[in-house]
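Here's the structure we're looking at; comments come further down.
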Amino acid sequence: MQQREEKQLEASVESLISRVAHVKNALHNFIYKLENEYERLTWASVLDNFALLSGQLNTINKLLRSEKTPSFRNQVIIPLLLSPDRDEDLAKLTEQRVPVFSHEIVPDYLRTKPDPEVEEQEKQLGTEAARLNPEAAQKQIQALNKVCSTLLEKLNNPREDREAEAAARQVSASFNSGDTAMLISAIAFGKGVAKGRPPGPGAPAHPGQGTMMSSGPTLQQVTIGGGLGQQAALGGSVAPQQQGQPGKMPSSIKTNIKSASGSMHPYNR
């Protein structure tokens, strides 16, 4: 009876090792594709790899839950020899992952419970879940179900959603490329811009004089202005310039200059 159980255990372990090797190879191939063939990788190929991994994991779960498989929980593993030296056979079996079977790594590899920190976090989560009000928990469950259903709808109809979003984001062009090119040419190179300014309504008929008159006063204007200023200082009266004829001499200038008599002298005695 004991020999039969041992043979059954060995067969189950070998089958489990074979299944795990298949999962490891599938993971290795998928990671290689993600790192080296990501430019040619399509979403359909990614889904196929996930489906392969999911099927292999389900096969392992069925194997562990089978009635023919002995319960591995009842088996106890005891390390018989611990050594700080390198073990080549162990390194070969573990593909160079565990070269040494020492007291430092045994607790990690033969652990049957999670780390103390993880256990403490689980206790805290259990305490918070116990304190939660049933009504509040029900509301959270409903909100989570709503989010999950919305996500499932988007996953089931991705093409329709993408087309609708693309149509909504599509904005009509608000510019004209031809006008933009003309504006850039005019600003950068002066293309299409007139060189001279058109004459105004009061500008002279002769070409070249409009710029001189608009830029500053001419010699004639300065002389007239100076004469008018001197006459005003002497107390004379000047007739206003005729309207409607800017830049021309007035037809008549009336002056009334009083003689400098003795009574107006400041030093009269």
Report task. Indicate the atoms forming the closest heavy-atom contact of V23 with L53, along with that distance. Result -> O-CD2, 4.1 Å
**Report entry** Shortest non-hydrogen separation from V106 to S102 and the atoms involved
**Finding:** CG2-O, 3.0 Å
Query raised in the report: Hey, mind stepping through E95 and K24 against salt bridge (charged side-chain N to carboxylate O under 4.0 Å, His left out) and telling me if it holds?
Result: CA-CA 12 Å; E95 298 180 355; K24 184 186 69 174; 2.5 Å; yes
[X], [atom1] atom: more than 12 neighbouring heavy atoms under 6.0 Å:
| X | atom1 | value |
| --- | --- | --- |
| E135 | CD | no |
| R111 | CZ | yes |
| L144 | CG | yes |

Treating Ile, Leu, Val, Met, Phe, Trp and Tyr as nodes and any side-chain heavy-atom pair under 4.5 angstrom as an edge, say whether [X] and [Y] lie in one connected cluster.
| X | Y | answer |
| --- | --- | --- |
| Y109 | L90 | yes |
| M182 | F189 | no |
| V100 | L110 | no |
| Y32 | L27 | no |
| L9 | V20 | yes |

**Report entry** Minimum side-chain heavy-atom gap L64-L16 below 4.5 Å
**Finding:** yes
Requested in this report: Answer whether the closest heavy-atom distance between the side chains of L132 and Q140 falls below 4.5 Å.
Outcome: yes
Query raised in the report: Charged N to carboxylate O below 4.0 Å: is that the case for K123 and E128?
Result: no
Nearest-0.5 Å distance, [atom1] of residue [X] to [atom2] of residue [Y]:
| X | Y | atom1 | atom2 | value |
| --- | --- | --- | --- | --- |
| D179 | I184 | CG | CD1 | 11.0 Å |
| Q56 | N61 | CD | CG | 12.0 Å |
| L57 | K62 | CG | NZ | 12.5 Å |
| T42 | L47 | OG1 | CG | 8.5 Å |
| E39 | L41 | CD | CG | 11.0 Å |
| I17 | H22 | CD1 | NE2 | 12.0 Å |

Requested in this report: Could you go through the ring-ring contact (aromatic ring centres under 6.0 Å, His included) check for F50 and F30 one step at a time?
Outcome: CA-CA 9 Å; F50 275 115; F30 185 42; 5.3 Å; yes
Query raised in the report: Sub-3.5 Å donor-acceptor pair from the side chain of S149 to the main-chain atoms of K146, do we have one?
Result: yes
**Report entry** Test log, rule side chain to side chain contact (heavy atoms under 4.5 Å, CB included), inputs T59 and L63
**Finding:** CA-CA 6 Å; T59 303; L63 178 63; 5.7 Å; no
Ignoring hydrogens and angles, write down the donor-acceptor pairs under 3.5 Å from the side chains of residues 80-87, residues two or more places apart or on other chains.
from	atom 1	to	atom 2	distance (Å)
S83	OG	D85	N	3.2
R86	NE	E88	OE2	3.0
R86	NH2	Q96	OE1	2.8
D87	OD1	D89	N	3.3

